[in-house]
Amino acid sequence: MSYWLMKSEPDEISIDDALATPNLPWFGVRNYQARNFMRDGMQVGDGVLFYHSSCPEPGIAGVAEVVSTAYPDDTQFDPKSKYYDPKATQENPRWMMVDVRALRKTRLLSLQELRTVDALADMVVLKKGSRLSITPVTAAEWKTVMKLLDKK
DNA sequence: GCCAACGTTGGC
DNA sequence: GCCAACGTTGGC
């Protein structure tokens, strides 16, 4: 059982959109490290912090869980998709994704607030220059975030 | 829109 | 295998 933080642009898919989609395929990841986390690290039942990025108020907006292991992301084969990858083939898919189920919308735990929490100082997503859309979260960090989400 | 901090590409 | 040039992410 592991924990993750997954970024989504709310303009594309918000926590509300995710709640309306029982099994949300996490398509469009085009970064090897993020792909490897999904392919090699994620298991069904893993906890996910649903993070809104590239928006007026970036931060954790909900909680989700992983509901499938990794399988090929079909958008890589579609020339019309903005996620099309001409170097990917059906025989040799390059990009993988998992399905995610949103469990609940939470209060917005903003990036600003996250940065004030000592217990979260080492969170990968808070590291300077971190642009990874999928990052691991430790059990201790998860616990801390759950407590913070219940506050207020 | 700016730009720091990456990641990727491709010539050599 | 190096590394300059280029592309992307994402907070501000």
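A, B, ... follow the sequence lines: proteins, then strands. Residue 1 opens every chain.
Side-chain contact check for A:Tyr83 and A:Asp78: no donor-acceptor pair (N or O, by modelled atom type) lies under 3.5 Å.
Between A:Ile60 atom CD1 and C:dG10 atom P the separation is 15 Å, expressed in whole Å. Per the geometry, NE2 belonging to A:His52 stands 12 Å off P belonging to C:dG11, to the nearest Å. Rounded to a whole Å, the CD atom of A:Glu12 is 12 Å from the P atom of C:dG10. A straight line from CG of A:Asn31 to P of B:dT9 spans 11 Å, rounded to a whole angstrom. A:Lys127 places its NZ atom 18 Å from the C1' atom of C:dT9, with the value rounded to the nearest Å. A straight line from CD of A:Gln112 to P of C:dG10 spans 19 Å, rounded to a whole angstrom. As rounded to whole Å, 18 Å separates atom P of C:dT9 from atom CG of A:Leu111.
At the heavy-atom level, A:Gln33 lies under 4.0 Å from the strands shown only through sugar-phosphate atoms.
The CG atom of A:Asp99 sits 10.5 Å away from the CE atom of A:Met38 when rounded to the nearest 0.5 Å.
Not counting sequence neighbours, the partners of A:Glu65 by the side-chain hydrogen bond (donor to acceptor under 3.5 Å, both in side chains) test are A:Arg101.
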Which atoms of nucleotides 3-8 of chain C (N or O only) lie under 3.5 Å from a protein N or O atom, and what are those distances?
residue	atom	partner	partner atom	Å
C:dT8	O2	A:Arg131	NH1	2.4

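With a 4.5 Å cut-off on side-chain heavy atoms, A:Met96 and A:Met42 do not count as touching.
The pair A:Lys151-A:Glu113 fails the salt-bridge criterion, with no side-chain N (NZ, NE, NH1 or NH2) lying under 4.0 Å from an Asp/Glu carboxylate O.
A:Glu57 places no side-chain N or O within 3.5 Å of a backbone atom of A:Leu108 that could act as its donor or acceptor partner.
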